[in-house]
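For the numbers below, each heavy atom of this structure counts, side chains included, while hydrogens, waters and symmetry mates do not.
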Amino acid sequence: LGLEHSAEGPIEPLKPMELLSEEDRLRLGEDVQDAYPLIELQAGMLFHAAYSPETAVYHDVFGCRVGAPLNENALRQALDTLALRHDALRTRFALSGFSQPLQLVANSGTIPLHLHDLTQLEQQQRTEALQLFTEQEKQHRFDWNTAPLAAVHVHQLTNESFYLTLSFHHAILDGWSVATMLAELFTLYTSNTPDSQANLAPTPRLAYRDFVALEQAALEDQDTQEFWVQQVQTITPTDLPTDPQLPATNTPGTLAVQERILPELLTKQLEQLARQLGVPLKTLLLAAHLRTLALATGQAHVTTGMVTNGRPEAEDGERLLGLFLNTLPVSANVHGSWKQLVSQTLQAEQQLLAKRRFPIARIQQLADGNNLFSTAFN
């Protein structure tokens with residue numbers, strides 16, 4: 001945060017419509033409060049969704065069980081408050097009709113709330129019904145010409161519990177935004193004060209258009225472009241060896257997922273080591289990821305993708321809802337001690353920090369379309 005402020009000064013919020021031409025402004029309807037271009041990742045997601053209309057790619061479904069009685073009115077009021085508070089929940093996409101594809105923010109809007117009653121079912125039947133609903137909801141296709149690109153489903157399980165599902169298009173929310181939205185939703189829902197918003201932090205001073213402007217600035221910055229030109233010239237892609245027992249196909253269903261929860265003692269030891277070395281825990285885990293790649297491939301120099309975000313460095317930048325993600329190639333020479341590797345990993349992260357808003361699609365173009373990594377660390 002300090003690095004960017006010392007170089008560029010505090011970020012000043014843009015005014016609504018400031019990123020539009022006068023011609024495009026005149027084409028907007030009276031129901032539009034703000035409009036701005038898409039970021040490159042949003043454009044890529046919508047392209048893939050249009051290219052594969054038989055799938056519901058980039059339609060995300062998050063669910064959680066709530067151990068509390070269902071209060072429909074309180075939930076609807078909480079959702080209405082969030083819709084007014086966050087532009088992303090009133091956003092739709094217009095890919096034609098303007099000089100460039102735009103995202104349009106409506107003056108007002110509500111998030112649909114769908115109620116389902118499972119109280120008459122046995123526990124096993126409720127579990128099966130929820131699993132079936134989730135699989136069906138994953139196949140639902142959002143019409144990105146219509147806001148909001150999100151909906152909430154509630155399955156009442158008992159008089160004292162319900163299951164809440166947030167369904168949305170990934171082009172309007174990333175994982176951090178989902179966590180923020182759910183935290184605010186339940187803060188509002190459980191509030192007993194007349195002014196439930198008093199329990200929330202103030203509405204963010206910045207808006208998603210400010211992040212769009214930051215990405216545009218990165219794309220136009222000559223130093224940033226030259227930095228990535230030099231980076232791709234030094235990258236040697238790292239390909240994991242394939243498993244001959246797996247079918248050689250890219251069709252869905254061939255992805256193997258394994259989860260490992262780290263033991264509590266090991267977790268505490270990692271946190272202690274991070275403090276001793278003066279690095280984030282994330283850096284330790286990224287170093288372990290790079291060392292694992294080296295062991296799996298037999299290469300001393302490895303490259304992976306690091307999922308990062310380009311949120312504005314501002315006091316309320318972490319509370320904005322939207323899509324702020326990017327994935328950057330990170331390389332390291334994996335030799336020497338663990339301490340040396342951790343130090344090198346931290347240096348690689350710091351080197352990319354100020355250049356992280358240059359979209360991965362453009363980085364790939366600089367590499368003549370060649371894949372720069374086949375794994376990613378998130």
Worksheet entry | Same cluster (ILVMFWY, side-chain, under 4.5 Å), L26 and V105 | no
Practice prompt. Answer yes or no: is there an ion pair linking R126 with E122, defined by an N-O contact shorter than 4.0 Å?
Written response: no
Worksheet item: What class does the angle between the rings of Y189 and F186 fall in, given that below 30° is parallel, 30 to 60° is tilted and above 60° is perpendicular?
Response: perpendicular
Worksheet item: Is a donor on one side and an acceptor on the other found under 3.5 Å between the side chain of E137 and the backbone of T134?
Response: no
Worksheet item: Of the non-hydrogen atoms in F133 and H153, which two are nearest, and what is the gap between them?
Response: CZ-CG, 3.4 Å
Discussion item. Just checking Q123: does its CD atom have more than 12 heavy atoms from other residues, nucleotides or ligands closer to it than 6.0 angstrom?
Written reply: no
Discussion item. Regarding T158 and S161, do their side chains bring together a donor and an acceptor under 3.5 Å, going by distance alone?
Written reply: yes
Discussion item. Can you confirm whether L185 sits close enough to L75 that some side-chain heavy atom of one is under 4.5 Å from a side-chain heavy atom of the other?
Written reply: yes
Practice prompt. Give a yes or no answer on whether the side chain of E220 reaches the backbone of A217 with a donor-acceptor pair at less than 3.5 Å.
Written response: no
Worksheet item: Relative to each other, are the rings of H59 and F142 parallel, tilted or perpendicular (30° and 60° limits)?
Response: perpendicular
Fill in: Backbone of A94 reached by a side-chain donor or acceptor of N145 within 3.5 Å
no
Discussion item. I want to check something: taking the side chain as every heavy atom from C-beta on, are W176 and N309 in contact at a cut-off of under 4.5 Å?
Written reply: no
Worksheet item: How long is the gap from CG on L214 to CZ on F324, to the nearest 0.5 Å?
Response: 10.0 Å
Worksheet item: Do you reckon L41 sits in the same ILVMFWY cluster as L320, going by side-chain contacts under 4.5 Å, direct or chained?
Response: yes
Worksheet entry | Aromatic ring pairing Y208/Y36, orientation class (parallel under 30°, perpendicular over 60°, tilted between) | tilted
Discussion item. Keeping S343 on the side-chain end and K339 on the backbone end, is there a donor-acceptor pair under 3.5 Å?
Written reply: no
Practice prompt. Decide whether L79 and L182 are clustered together by the hydrophobic rule: side chain heavy atoms of Ile, Leu, Val, Met, Phe, Trp, Tyr closer than 4.5 Å, transitively.
Written response: yes
Discussion item. Whether the side chain of Q103 engages the backbone of P37 through a donor-acceptor N/O pair (distance < 3.5 Å, no angle test) should be reported.
Written reply: yes
Discussion item. If you apply the rule side-chain contact (heavy atoms from CB on, under 4.5 Å), what do you find for W228 with I360, and how did you get there?
Written reply: CA-CA 10 Å; W228 283 112; I360 181 58; over 6 Å; no
Worksheet item: So, E23 versus S99: side-chain donor-acceptor pair below 3.5 Å or not?
Response: no
Worksheet item: When you check the gap from the basic side-chain N to the acidic O, do R209 and E215 get nearer than 4.0 Å?
Response: no
Item to complete: Determine whether V302 and T297 make a side-chain contact, defined as any pair of heavy atoms from C-beta on separated by less than 4.5 Å.
Response: yes
Discussion item. Can you tell me if D143 has over 12 outside heavy atoms packed within less than 6.0 Å of its CG?
Written reply: yes
Worksheet entry | Worked check of side-chain hydrogen bond (donor to acceptor under 3.5 Å, both in side chains) between N199 and S191 | CA-CA 8 Å; N199 296 308; S191 173; 2.8 Å; yes
Worksheet item: Do Q42 side-chain atoms and A171 backbone N/O form a donor-acceptor pair below 3.5 Å?
Response: yes
Worksheet entry | Hydrophobic cluster membership, F377 vs I363, 4.5 Å side-chain cutoff | yes
Worksheet item: Which value, rounded to the nearest 0.5 Å, describes the distance between L352 atom CG and F227 atom CZ?
Response: 5.0 Å
Worksheet item: Would T165 and V152 count as a side-chain contact (heavy atoms from CB on, under 4.5 Å) if you check the C-alpha gap in whole Å, the side-chain angles of each, and the deciding distance to 0.1 Å?
Response: CA-CA 6 Å; T165 301; V152 170; over 6 Å; no
Worksheet item: Are the side chain of R319 and the backbone N or O of P202 linked by a donor-acceptor pair below 3.5 Å?
Response: yes
Practice prompt. Flag the pair E18 and K15 as a salt bridge only when some basic side-chain nitrogen lies within less than 4.0 angstrom of an acidic carboxylate oxygen.
Written response: no
Worksheet item: Quick one: CZ on F162 to CG on L164, what's the gap to the nearest 0.5 Å?
Response: 6.0 Å
Item to complete: Can you measure from CD (Q77) to CG (L82) and round to the nearest 0.5 angstrom?
Response: 12.0 Å
Discussion item. Test side-chain contact (heavy atoms from CB on, under 4.5 Å) on H289 and L285; report intermediate values, then the result.
Written reply: CA-CA 6 Å; H289 173 80; L285 299 177; over 6 Å; no
Worksheet item: Would you say H86 and M181 make side-chain contact, with heavy atoms under 4.5 Å?
Response: no
Discussion item. Any salt bridge linking E318 with R311? Criterion: basic side-chain nitrogen under 4.0 Å from a carboxylate oxygen.
Written reply: no
Worksheet entry | Side-chain donor or acceptor of D210 paired with backbone N/O of A207 under 3.5 Å | yes
Fill in: Qualifying residues under salt bridge (charged side-chain N to carboxylate O under 4.0 Å, His left out), relative to R65, sequence neighbours excluded
none
Worksheet item: Any chain of hydrophobic side-chain contacts (each under 4.5 Å) joining F358 to V307?
Response: no
Worksheet item: Once the angle between the rings of W144 and H169 is folded into 0 to 90°, is it parallel (under 30°), tilted (30 to 60°) or perpendicular (over 60°)?
Response: perpendicular
Response to the item:
CZ of F168 to CG of L321, rounded to nearest 0.5 Å, is 10.5 Å
Practice prompt. Kindly determine whether L166 and V61 satisfy side-chain contact (heavy atoms from CB on, under 4.5 Å), including the steps that lead there.
Written response: CA-CA 6 Å; L166 173 63; V61 180; over 6 Å; no
Worksheet item: Hey, is CD on E264 packed in by over 12 heavy atoms from elsewhere, all under 6.0 Å?
Response: no
Worksheet item: Considering all heavy atoms of both residues, which atom of R141 and which atom of T55 are nearest to each other, and what is their separation?
Response: NH1-O, 2.6 Å
Discussion item. Do the side chains of E313 and R356 get close enough for a salt bridge, i.e. N-O under 4.0 angstrom?
Written reply: yes
Fill in: Lys/Arg-Asp/Glu bridge criterion (N-O < 4.0 Å) met for E184, R85
yes
Practice prompt. Applying salt bridge (Lys or Arg N to Asp or Glu O under 4.0 Å), run through E135 and K138 and close with a yes or a no.
Written response: CA-CA 5 Å; E135 291 305 313; K138 287 178 182 178; 3.2 Å; yes
Discussion item. Could you tell me if the side chain of Y163 sits less than 4.5 Å from the side chain of V66, heavy atoms only?
Written reply: no
Worksheet item: Can you tell me if T375 and T304 form a side-chain donor-acceptor pair at under 3.5 Å?
Response: yes
Discussion item. So, taking the atom named CG in N371 and the one named OG1 in T303, what distance separates them when rounded to the nearest 0.5 Å?
Written reply: 12.0 Å
Worksheet item: Between the main-chain N or O of N333 and the side-chain N or O of Q344, is there a donor-acceptor pair closer than 3.5 Å?
Response: yes
Discussion item. Could you work out, with side chain to side chain donor-acceptor pair (under 3.5 Å) as the rule, every residue matching D239, not counting sequence neighbours?
Written reply: none
Worksheet item: Do you know the tightest heavy-atom contact between A150 and I111?
Response: O-CG2, 4.1 Å
Worksheet entry | Shortest non-hydrogen contact between R90 and A83, atoms and distance | NE-O, 2.5 Å
Worksheet entry | Cationic N near anionic O, under 4.0 Å, D31 to R92 | yes
Worksheet item: Which heavy atom in A367 sits nearest to a heavy atom in L372, and how many Å separate them?
Response: CB-CD2, 3.7 Å
Worksheet entry | Residue pair H301 / S331: nearest heavy atoms and the distance that separates them | NE2-CB, 3.7 Å
Discussion item. Could you check whether H140 and S167, counting side-chain N and O atoms only, form a donor-acceptor pair closer than 3.5 Å?
Written reply: no
Practice prompt. Please examine the side chains of T119 and L157, heavy atoms only from C-beta on, and report whether any two atoms are closer than 4.5 Å.
Written response: no
Practice prompt. Spell out, as yes or no, whether a donor-acceptor pair under 3.5 Å connects the side chain of N370 to the backbone of Q364.
Written response: no
